[in-house]
Q: 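Quick one: structure below, then a few questions.
Per chain, numbering begins at 1; letters A, B, ... match sequence-line order.
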Amino acid sequence: MRVAHQRGFFFKSAESYPNSPAGFWDYGPLGVSMKNKFIELWRRELVKRDGMIEIDGSQILPKAVFVASGHLESFSDPIVRCRKCGSFFRPDKLLEEKTKTQIPEKLSNKEYDDMLEKYDIRCENCGEKLRGTTRFNMMFRVGIGAAEEEAYLRPETCQTIFVDFPLLFKTQRVKLPVGIAQVGKSFRNEIAPRQGLLRLREITQAEIEVFFNPKRTEGGKFELFIGSKLPLYKEKEVVIGFSEARDMGLVSNKLVWYYLKMIFDFYVKAGIPEKDIRFRVLSDEDRAFYSREAFDLEVKLSIGWTELVACNYRGDYDLTRHSSVSGTDFSVDDQGEKLIPHVFELSMGVDRSIYAIIEKSMREEKGRKYLAVKPYLAPYHVGVFPLVNKDGIDLKALELSSLLSNCLDTFYDDSGSIGRRYARADEVGVPYCVTVDYDTFKDETVTIRDRDTRVQQRVKIEELSRKLEEMTRYPDIASLSMQNK
RNA sequence: GCGGCCGUGGUCUAGUGGUCAUGACAGGGGCUUCCCAAGCCUCUAAUCCCGGGUUCGAAUCCCGGCGGCCGCACCA
């Protein structure tokens, strides 16, 4: 996206060096501002609204954690390298081509070698026999300390939450069900990163892991949204309520429905039109190895429906595994019952979301371009301009600008013509522009111009700050008890 | 990783073997300016993706790498 690059939302990392690898991106000043506001909205609409707790965990974790999580074994692709010319191949793909049958991805290296031998598979480049299957793991390996002890950059943020769960449960006076949230970086050594922010090797995730007793997925807040409808997609799209979805076997319980509705509402408030959001119900083959029921929240972008959030019912898989590998007891007490809680997760791709919001907000009419992002997500809330740079108007505008920056993200611009400044502000999504003119000295008023309508209103300077704050603040956190519709 | 196309200032682009490598937009400084990219003056900015080769001479031809887009595969 041209504007994003030119105006400083985001750009390729280390661009000034040639041969920088793909899949790493930097956020520029505008991008950081928007990303922070987006995460704050997430905090308000999900974490605070549902009474979750938040942590910020380490990005490097010891090998044992990934033995337990299954990533060391399952988060990898089989790969075979030609001993003569060095080309890489996927043995499963080569075998499928040769035999015209489905080859499971989960065979051992030895089994692949046997099959390569049996079907006499040869290198497509030089004809050499292919042997010696190894694994290409998508995790980045790091060596800790002088001994280079084996550890990995986490491929998903949630493992930190699982590992910390027993301590948090004991010390934070929480009861089931409880959500634990985290925003942070994850790392995946993708083979072919592409499409800008949509496919990265270093990604920002905002994750929520809800821990609950599988026998208690109804009652209380989980009843709140059963009357509302959600767009579910499996082969075709249906917009249906909970009971119908359960009858069709699409959603298993009310707790899942409750959180799907919550994340749906969040994206609407982030500025994605309802009609462009849907939940893809994943089939058995499409789910990750840890997942027993899965929904992808997808948004319709110019490149097609794109996954922004993975919602997985992980069962007790993670806690049970960590419990047995670590030797620590991960079970907790729920109303007198001792159990390993089940987990439902909402794993959000922040970078993808930012991209989606920007794309969905681009407007173009009569040669005018503007970014119609929600005022509370805009990189700057307000721009302050002097109508002309003389007669003290510029000084007055500068003074107002610094006044407003107490509580709003503000910038001052006095270059070029006033129209040019409006246009520049429009392009990066500044929702309101304040202009100081000659009338300001007569009656202590200024104009506020609206980005989307270009309409101006005159406002007293003494009311300016309060008024702008009102216009740019986050929506109120909806009270759950009030939402019973 | 495979196949196809591609790589020139921040952006878009001219240039297909030969003097200081085009032009536009964007950006900076100044003048002007009583509200929507106006005008005038001026400045900045590209080791032509990187490395090697062919040649008296390469942005241009050849090889390799890196990167980008599109399909396949993989995924948040």
Q: Roughly how far apart, to the nearest Å, are B/C12 and B/A45 at atom C1'?
A: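 That atom pair is separated by 15 Å.
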Q: Could you work out the separation of B/G64 and B/G1 based on their P atoms and round it to a whole Å?
A: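 Taking atom P in both B/G64 and B/G1, they lie 15 Å apart.
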Q: What does A/Gln456 touch in the nucleic acid at a heavy-atom separation under 4.0 angstrom: a base, only the sugar-phosphate, or nothing?
A: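 The residue A/Gln456 makes base contact.
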Q: What is the distance, rounded to the nearest whole Å, between atom CZ of A/Phe11 and atom C1' of B/U11?
A: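 Distance, rounded to whole Å: 15 Å.
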Q: Do the charged groups of A/Glu190 and A/Arg201 touch, with an N to O distance under 4.0 Å?
A: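 A salt bridge is absent here (no side-chain N lies under 4.0 Å from a carboxylate O).
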Q: Look at the aromatic rings of A/Tyr267 and A/Phe38 and report parallel, tilted or perpendicular, splitting at 30° and 60°.
A: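 Ring orientation, 0 to 90° scale: tilted.
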Q: Taking only N and O in the side chain of A/Arg280, is any of them less than 4.0 Å away from OP1 or OP2 of B/C75?
A: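 Result: no.
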Q: With sequence neighbours excluded, tell me which residues meet salt bridge (charged side-chain N to carboxylate O under 4.0 Å, His left out) with A/Lys63.
A: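 Scan of A/Lys63 (salt bridge (charged side-chain N to carboxylate O under 4.0 Å, His left out), adjacent residues dropped) gives A/Glu150.
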Q: Given that both distances must come in under 3.5 Å, which nucleotide forms a Watson-Crick or G-U wobble pair with B/C2?
A: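 Across any shown strand, B/C2 pairs with B/G71.
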Q: Strictly under 3.5 Å: I want the nitrogen or oxygen pairs between protein and nucleotides 30-33 of chain B, one per line.
A:
| residue | atom | partner | partner atom | Å |
| --- | --- | --- | --- | --- |
| B/U33 | OP2 | A/Lys390 | NZ | 3.3 |
| B/U33 | O4 | A/Asn389 | N | 3.4 |

Q: With RNA chain B as reference, determine whether A/Ala310 or A/Pro193 sits nearer its 5' end, using the nearest nucleotide of each.
A: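 It is A/Pro193, whose closest nucleotide lies nearer the 5' terminus.
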Q: Figure out the CD/P separation between A/Glu365 and B/C36, and round it to whole Å.
A: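 Whole-Å distance recorded here is 17 Å.
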Q: Could you please name the option among B/C75, B/A37, B/C35 that lies closest to any side-chain atom of A/Thr435?
A: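 Between B/C75, B/A37, B/C35, the one nearest the side chain of A/Thr435 would be B/C35.
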Q: May I ask you to list the residues of residues 438-455 of chain A, by number, that have any heavy atom positioned under 4.0 Å from an atom of RNA chain B?
A: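 Output list: A/Tyr438, A/Thr447, A/Arg449, A/Arg454.
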Q: Specify the separation, in whole Å, of atom CZ of A/Phe9 and atom P of B/U11.
A: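 One finds 17 Å between P of B/U11 and CZ of A/Phe9, rounded.
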Q: Could you tell me how far B/U33 sits from B/C70 if I compare only their C1' atoms? Round to whole Å.
A: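 Per the computed distance, 49 Å lies between those C1' atoms.
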Q: Using the C1' atom in both, what is the distance from B/U32 to B/U42, to the nearest Å?
A: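 Between the two C1' atoms, the distance is 15 Å.
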Q: The criterion is ring-ring contact (aromatic ring centres under 6.0 Å, His included); which residues satisfy it with A/Phe187, sequence neighbours excluded?
A: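 ring-ring contact (aromatic ring centres under 6.0 Å, His included) check on A/Phe187 returns nothing, list empty.
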Q: Looking across every strand, which nucleic acid part, if any, lies under 4.0 Å from A/Glu190 by heavy atom: base, sugar-phosphate, or nothing?
A: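 Here A/Glu190 touches the bases of the nucleic acid.
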Q: Not counting sequence neighbours, which residues clear side-chain contact (heavy atoms from CB on, under 4.5 Å) with A/Leu387? List them please.
A: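 Here the qualifying residues are A/Ile418, A/Thr435, A/Asp437.
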Q: Do NZ/NE/NH1/NH2 and the carboxylate oxygens of A/Asp439 and A/Lys442 come within less than 4.0 Å?
A: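 A salt bridge is present here (some side-chain N lies under 4.0 Å from a carboxylate O).
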Q: Who passes ring-ring contact (aromatic ring centres under 6.0 Å, His included) against A/Tyr380, sequence neighbours left out?
A: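 ring-ring contact (aromatic ring centres under 6.0 Å, His included) list for A/Tyr380, sorted by chain: A/Phe411.
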Q: So does A/Asp426 pair up with A/Lys369, basic N to acidic O under 4.0 Å?
A: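 No.
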Q: Can you tell me how far C1' of B/C66 sits from CZ of A/Arg201, to the nearest Å?
A: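 Distance check: A/Arg201 CZ to B/C66 C1' gives 12 Å.
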Q: Using a strict heavy-atom distance below 4.0 Å, which residues from residues 23-42 of chain A are in contact with RNA chain B?
A: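 Correct list: empty, so none.
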Q: Going by the angle between their ring planes, with limits at 30° and 60°, are A/Phe295 and A/Phe344 parallel, tilted or perpendicular?
A: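 Rings of A/Phe295 and A/Phe344: perpendicular, as their planes differ by over 60°.
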Q: Output all residues satisfying ring-ring contact (aromatic ring centres under 6.0 Å, His included) with A/Tyr258, sequence neighbours left out; order by chain, then residue number.
A: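 Checked A/Tyr258 against ring-ring contact (aromatic ring centres under 6.0 Å, His included); matches are A/Phe222, A/Phe225.
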Q: Could you tell me how far B/G7 sits from B/C36 if I compare only their P atoms? Round to whole Å.
A: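 Here B/C36 and B/G7 have their P atoms 42 Å from each other.
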Q: Using 30° and 60° as the class boundaries, would you call the ring planes of A/Tyr313 and A/Phe212 parallel, tilted or perpendicular?
A: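 Aromatic pair A/Tyr313/A/Phe212 classed tilted.
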Q: Quick check: any donor-acceptor pair below 3.5 Å linking the side-chain of A/Asp437 to the base of B/C35?
A: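 Indeed there is one.
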Q: Using atom NZ of A/Lys369 as one end and atom P of B/C12 as the other, report the distance to the nearest whole Å.
A: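 About 12 Å, once rounded to whole Å.
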Q: Specify the separation, in whole Å, of atom CG of A/Asp413 and atom C1' of B/A26.
A: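 So the two atoms are 14 Å apart, to the nearest Å.
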Q: Checking the side chain of A/Glu237 only, and the main-chain atoms of A/Pro231 only, is there a donor and an acceptor separated by less than 3.5 Å?
A: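 Side chain of A/Glu237 to backbone of A/Pro231: no pair is present.
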Q: Across all strands shown, which nucleotide pairs with B/G17 by Watson-Crick or G-U wobble geometry, both distances under 3.5 Å?
A: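 The base-pairing partner of B/G17, which may sit in any strand shown, does not exist here.
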Q: Could you please name the partner base of B/C36, counting Watson-Crick and G-U wobble pairs only when both distances are under 3.5 Å?
A: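 By the stated definition (distances under 3.5 Å), nothing pairs with B/C36.
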Q: Quick one, A/Arg352 and A/Leu197 - any side-chain contact, counting heavy atoms below 4.5 Å?
A: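 A/Arg352 vs A/Leu197: side chains apart.
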Q: Strictly below 4.0 Å, heavy-atom distances to any atom of RNA chain B: list the hits from residues 292-304 of chain A, or just say none.
A: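 Under 4.0 Å from RNA chain B: no residue of residues 292-304 of chain A.
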Q: Which part of the nucleic acid, if any, lies within reach of A/Ile393 when heavy atoms closer than 4.0 Å are counted: base, sugar-phosphate only, or nothing?
A: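 Result for A/Ile393 = nothing.
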Q: If you assign A/Gly419 and A/Asn312 each to the RNA chain B nucleotide with the nearest heavy atom, which residue ends up on the more 5' nucleotide?
A: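 The 5'-side residue here is A/Gly419.
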Q: If you measure from the P atom in B/G27 to the same atom in B/G10, how many Å do you get, rounded?
A: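 Those two atoms are separated by 15 Å.
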Q: Does this structure show an ion pair linking A/Glu40 with A/Lys37, if we count only N-O contacts that are shorter than 4.0 Å?
A: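 Salt bridge flag = no for A/Lys37 with A/Glu40.
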Q: So A/Ile461 and A/Thr440, side chain to side chain contact (heavy atoms under 4.5 Å, CB included) or not? Walk me through it.
A: CA-CA 9 Å; A/Ile461 288 179; A/Thr440 303; 3.9 Å; yes
Q: Over how many whole Å does the gap from A/Glu427 atom CD to B/G27 atom C1' extend?
A: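 From A/Glu427 CD to B/G27 C1': 13 Å.
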Q: Each nucleotide N or O in nucleotides 48-51 of chain B that has a protein N or O under 3.5 Å away: list the pair and distance.
A:
none

Q: With rounding to the closest Å, how many angstrom separate the C1' atoms on B/A24 and B/G30?
A: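 Their C1' atoms lie roughly 23 Å apart.
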Q: Would A/Lys460 and A/Glu444 pass as an ion pair if we require N to O under 4.0 Å?
A: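 Salt bridge absent between A/Lys460 and A/Glu444.
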Q: In chain order, what residues pass the side-chain hydrogen bond (donor to acceptor under 3.5 Å, both in side chains) check against A/Asp413, with sequence neighbours excluded?
A: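 Only A/Ser415, A/Arg424 meet the side-chain hydrogen bond (donor to acceptor under 3.5 Å, both in side chains) criterion with A/Asp413.
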Q: Identify the nucleotide, in any strand shown, that forms a Watson-Crick or G-U wobble pair with B/U44, with both distances under 3.5 Å; if there is none, say none.
A: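 Per the H-bond distance test, none.
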Q: Rounded off to whole Å, could you give me the NZ-to-C1' distance for the A/Lys12 and B/C69 pair?
A: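 Answer to the nearest Å: 12 Å.
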Q: Would you call the rings of A/Phe165 and A/Phe211 parallel, tilted or perpendicular, taking 30° and 60° as the class edges?
A: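 The rings of A/Phe165 and A/Phe211 lie parallel, inter-plane angle below 30°.
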Q: What are the atom names and distances for every N/O pair under 3.5 Å that joins the protein to nucleotides 39-47 of chain B?
A:
none

Q: Distance alone, cut at 3.5 Å: any donor-acceptor contact between the side chains of A/Glu156 and A/Ser347?
A: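 No.
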Q: Between B/A37 and B/U54, how far apart are the two C1' atoms, rounded to whole Å?
A: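 It works out to 49 Å between them.
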Q: Check this one for me: any side-chain N or O of A/Arg420 less than 4.0 Å away from OP1 or OP2 of B/A26?
A: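 A/Arg420 to B/A26 OP1/OP2: side-chain N or O found under 4.0 Å.
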Q: Does the distance from a Lys or Arg side-chain N to an Asp or Glu carboxylate O, for A/Asp265 and A/Lys261, drop under 4.0 Å?
A: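 The answer is yes: the pair qualifies as a salt bridge.
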Q: Could you check whether A/Ser291 and A/Tyr317, counting side-chain N and O atoms only, form a donor-acceptor pair closer than 3.5 Å?
A: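 Their side chains do not contain a donor-acceptor pair, so the 3.5 Å distance test is not met.
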Q: Ion pair present between A/Arg154 and A/Glu207, side-chain N to carboxylate O less than 4.0 angstrom?
A: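 No, no charged N to carboxylate O under 4.0 Å.
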